[in-house]
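Here is the structure we will look at, set down as structure tokens.
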There are 2 protein chains.
Amino acid sequence: MNAHVTGLAARDTSVFADRTETRQLTRAEAYIQAHEFDRPTLVLDTEAVARQYVALAQGLGRAQVHYAVKANPAPEVLRRLVQLGSHFDAASRAEIEDCLAAGATADQISFGNTVKKVSDIAWAHRAGVTLFAADAEQELEKLAEHAPGAEVYIRIIVEATEADWPLSRKFGCSRDKALELIAMAKGLGLAPVGLSFHVGSQTRRASMWAPVLDQVAAIWHAARDAGHELTLLNIGGGFPAFYGESIEAPTLYAAEVMRLVHERFGDVPHVMAEPGRGLVAEAGAIAAEVLLVSRKSDSDLHRWVYLDIGKFSGLAETMDEAIRYQFLTARDHEPRGACILAGPSCDSADVLYEKRPVELPMGLRAGDRIVIRCCGAYTSTYASVGFNGFPPLDLVVI
Amino acid sequence: MNAHVTGLAARDTSVFADRTETRQLTRAEAYIQAHEFDRPTLVLDTEAVARQYVALAQGLGRAQVHYAVKANPAPEVLRRLVQLGSHFDAASRAEIEDCLAAGATADQISFGNTVKKVSDIAWAHRAGVTLFAADAEQELEKLAEHAPGAEVYIRIIVEATEADWPLSRKFGCSRDKALELIAMAKGLGLAPVGLSFHVGSQTRRASMWAPVLDQVAAIWHAARDAGHELTLLNIGGGFPAFYGESIEAPTLYAAEVMRLVHERFGDVPHVMAEPGRGLVAEAGAIAAEVLLVSRKSDSDLHRWVYLDIGKFSGLAETMDEAIRYQFLTARDHEPRGACILAGPSCDSADVLYEKRPVELPMGLRAGDRIVIRCCGAYTSTYASVGFNGFPPLDLVVI
């Protein structure tokens, strides 16, 4: 793995240059260089996932990792994480089934979606899952009826995070509601064991957790003061991946988050963390192809570059240009210029980066290979079943 | 088909009321009322597609319909349209294959994506497809090499449409570029037969076409003045479907568009129209379920209503709240209130309508059936392969 690997695919006539300077080619990227692909393909390196797991777990100390399966449910990833002792955060019955099939036991799986189908709750309960999330009265009623006696944690809504991609208000409830729900859960025969929150996706520095932890700690202590014995703190996800802007190393990052947690919560018996993106994003890269480079008129400042992958075939996280992927081409040593990047579908919304154009080689043209870096999270399962007739993202696990 | 059908599914205790007053329940909606579904399901009525085809074709007169396959590539839809004499606009090799499998001949299929894979161009050429779209030099070079002698139309970029969902600048080129491309195509041995454009998705009134047609006609006449003999005008799509705001009846709408075309272009030998949404949207309805109704705090003005279908499982067109679907519930006779509507996934971006909340019955609760109206276009193929473990939209054709 070297920034100037020579084993290039037949169509490439020059080497890939590493654009980030501080980072060499990953094993997945080197694999892409050495192979041909008929269609956009995610190459995923399970050993990179394992290394990242170990690094995060080391920093998290006695907190238990519950991998957020939705980030990438590939069986090879789940099996590797089971071997390493990871637990799992599932969003649906299908994700629980995936974890069980990979060798996890039911007590290692939490059902973390606050919005669950009744039939999925009942199925999970029968399967032996005992820990569920909730943020509303009706959800507690569903749990009490279909998973009687289950442990439940209440998700808190937090404000004003510094994450690259702050969450909407979709999940969680306010402080007062949380205290009401804890009492209600007890009345329904459930075991309200603690609280959860989410600091926001891609929270690049550990120090950004402090104000959010302050908010949750206030509710935690209010609940304890009200006589509720809480034993579980679920700190959720938010662990960052590298998308071009510097991030802290995983062990140091996780250790600092845990220091901030301990400072505010003391010795909580059970702490859960739910990295998804932070565990798998850097382990994957996508092999894609340039389909067309053009200008709308001869006076246009920017080129348009069209790829064979777009918003509806794997790169959904480019919505609102939130996640900014990095690219490698065989022409990275040539002069660069700004371009608008778009996908292959006939959908005019299938534009990846336009407000903030990307810098790509001026010589780029139809047929060129392009590698999209750090794509292991939220790509393969986001792909549509076949919009415009384009197949979903292919997956190769190495 | 009556606004107060009684054959309701077992779980419903009252009748659906027709909310739009001017519109009765469709056959697809009545089918949903009479059946149970395990998961979100699109019910599609091919006879409604056929009726709409006949209505549009009548208004379009001698213009040839090329159904935009991407709107809904269900084999039953394609076969019915083949029977009726429709031609097809395909976005990819897979869509061409679907049309051929449904009984269309290659000369009835245009390859309308301006961004094509070289291997798809070569395949389509071998399959007998002779008509292609282009808006850039590199695309003409690809066509000249892999589909030598093919007919090509140049897509024009149009400005400032009045469509509900104006297109981005992703497709098309400027006037000067168009004239250059026509000349270049000739030089490459291609047959540049005409121009295409797109007025914008969901152009609700025919009169909105006039300013766009003015722009295209100016280029058309400039090309003719420059000695290029153009014989094909592709007026694209934009034909509207009903999403709650009034639209003109299809035959009248299409006839008025053609009157505006004739006024500006005279007797063009070949006129193509590419309705997609306008042909299939109203023929489909989705059976969905309410998973949760909640408030984030007791003082919240709006409820949150969570469905078992969302942005990543079929309702992608809610992005930017562009397409506003209409809903039917068994409680539509009860008082209503505003709510934020969201999907079932753990993704915080999976919120359907928040900036402009929707009015739904105050009594709505977990387990209630909800019917999403006019969903036949851009739903089934937009669904992800399994984000969060949720399966793609199921499809029942009646």
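Predicted model only: the values in this text are computed from it and were never measured. Chain naming here is simple, since letters A, B, ... match the order of the sequence lines and numbering starts at 1 in each.
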- Message: Counting heavy-atom pairs closer than 4.5 Å to chain B, which one of A:A342, A:A68, A:S119, A:G172 comes out on top?
- Response: A:G172
- Item | Residue, of A:A383, A:C173, A:G386, A:A136, that accumulates the most heavy atom pairs under 4.5 Å with chain B | A:A383
- Item | Heavy-atom contact with chain B under 4.5 Å, split by part of A:T114 | backbone
- Query: Side-chain donor-acceptor pair under 3.5 Å between A:D350 and A:S345, yes or no?
  - Reply: yes
- Give the intermediate values and the outcome of salt bridge (charged side-chain N to carboxylate O under 4.0 Å, His left out) for residues A:R365 and B:E141. CA-CA 12 Å; A:R365 57 171 293 128; B:E141 289 166 5; 3.5 Å; yes
- Distance-only, no hydrogens or angles: does the A:Y306 side chain make a donor-acceptor pair with backbone N or O of B:K170 under 3.5 Å? yes
- Contact leader toward chain A among B:A71, B:A94, B:S92, B:S294, where contacts are heavy-atom pairs under 4.5 Å: B:S92
- So, the side chain of A:K142 versus the backbone of A:K116: is there a donor-acceptor pair under 3.5 Å, distance only? yes
- Give, as side chain, backbone, both or neither, the part of B:K177 having an atom under 4.5 angstrom from any heavy atom of chain A. side chain
- Query: Can you tell me if B:D300 uses its side chain to pair, donor with acceptor, with the backbone of B:K296 under 3.5 Å?
  - Reply: yes
- Query: Do you know which of B:S299, B:P344, B:A178 has the most heavy-atom pairs under 4.5 Å to chain A?
  - Reply: B:P344
- Task: Tell me, for B:R93 versus chain A, whether the close heavy atoms (under 4.5 Å) come from the side chain, the backbone, both or neither.
- Result: neither
- Side chain of B:R39, backbone of B:P392: donor and acceptor closer than 3.5 Å? yes
- Please determine, among B:V351, B:D298, B:D135, the option with the most heavy-atom pairs under 4.5 Å with chain A. B:D298
- Counting only heavy atoms closer than 4.5 Å, note whether A:P73 contacts chain B via side chain, backbone, both or neither. neither
- Query: Checking heavy atoms, do the side chain of A:V118, its backbone, both or neither come under 4.5 Å from chain B?
  - Reply: neither
- Item | Contact origin within B:S380 toward chain A - heavy atom pairs under 4.5 Å | backbone
- Item | Which atom of A:V115 lies closest to which atom of A:N113, heavy atoms considered | N-OD1, 2.9 Å
- Side chain, backbone, both or neither of A:D176 within contact of chain B (heavy atoms, under 4.5 Å): neither
- Item | Heavy-atom pairs under 4.5 Å with chain B, option from A:I340, A:V293, A:D308 with the top count | A:V293
- Message: Less than 4.5 Å to any heavy atom of chain B: does that hold for the side chain of A:E180, its backbone, both, or neither?
- Response: side chain
- Applying a strict 4.5 Å limit to non-hydrogen atoms, the region of A:L291 in contact with chain B is both
- Which atoms of A:R175 approach chain B - backbone, side chain, both or neither, heavy atom under 4.5 Å: neither
